[in-house]
Amino acid sequence: MLLLEKRLNNTGAQIERLEVSKEEGRINIVYLIRGKKASVNELNRQLAMAEEVASFS
């Protein structure tokens with residue numbers, strides 16, 4: 001499991017990795033996220049703070 005996934009799992013949201021691809025030296029990962037609004041908000045906060053994350057939506 002990726003270190004980032006371990007941190008995201010600690011937010012209380014459920015994450016499921018759907019797809020992984022590599023493009024121009026970057027790894028792109030698509031997740032399905034489920035959880036209460038507070039958990040998803042915390043997950044978004046963690047993603048925004050993660051230096052290894054270039055973008056998310």
Side-chain angles (χ1 to χ4, degrees):
M1 182 183 297
L2 299 172
L3 179 58
L4 178 62
E5 287 179 358
K6 287 181 182 179
R7 282 192 292 176
L8 297 180
N9 278 325
N10 289 333
T11 65
Q14 297 174 341
I15 66 169
E16 179 182 345
R17 190 182 328 157
L18 299 179
E19 181 181 326
V20 178
S21 61
K22 188 173 182 180
E23 182 180 318
E24 298 180 11
R26 291 186 176 176
I27 297 174
N28 299 307
I29 305 173
V30 177
Y31 292 106
L32 174 62
I33 309 295
R34 295 185 186 118
K36 294 182 179 182
K37 186 175 181 176
S39 296
V40 173
N41 287 341
E42 176 59 20
L43 184 137
N44 285 334
R45 190 181 75 76
Q46 290 287 329
L47 287 171
M49 292 176 33
E51 291 181 17
E52 64 271 30
V53 175
S55 66
F56 68 95
S57 61

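We use all heavy atoms of the structure for the numbers below, so side chains are in, but hydrogens, waters and symmetry mates are not.
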Rounded to the nearest 0.5 Å, the CG atom of L8 sits from the CZ atom of R17 at a distance of 11.0 Å
Going by chain and number, the hydrophobic cluster around V30 (ILVMFWY, side chain to side chain under 4.5 Å) further includes L18, L32
Restricting to pairs with a member in residues 26-45, which pass side-chain hydrogen bond (donor to acceptor under 3.5 Å, both in side chains), not counting sequence neighbours?
-> E5-Y31, E42-R45, E42-Q46
Partner residues of A38 under the side chain to side chain contact (heavy atoms under 4.5 Å, CB included) criterion, sequence neighbours left out = none
How long is the span from the CE atom in M49 to the CZ atom in R7, to the nearest 0.5 Å?
-> 8.0 Å
Are the side chains of I15 and L43 in touch, meaning some heavy atoms are under 4.5 Å apart?
-> yes
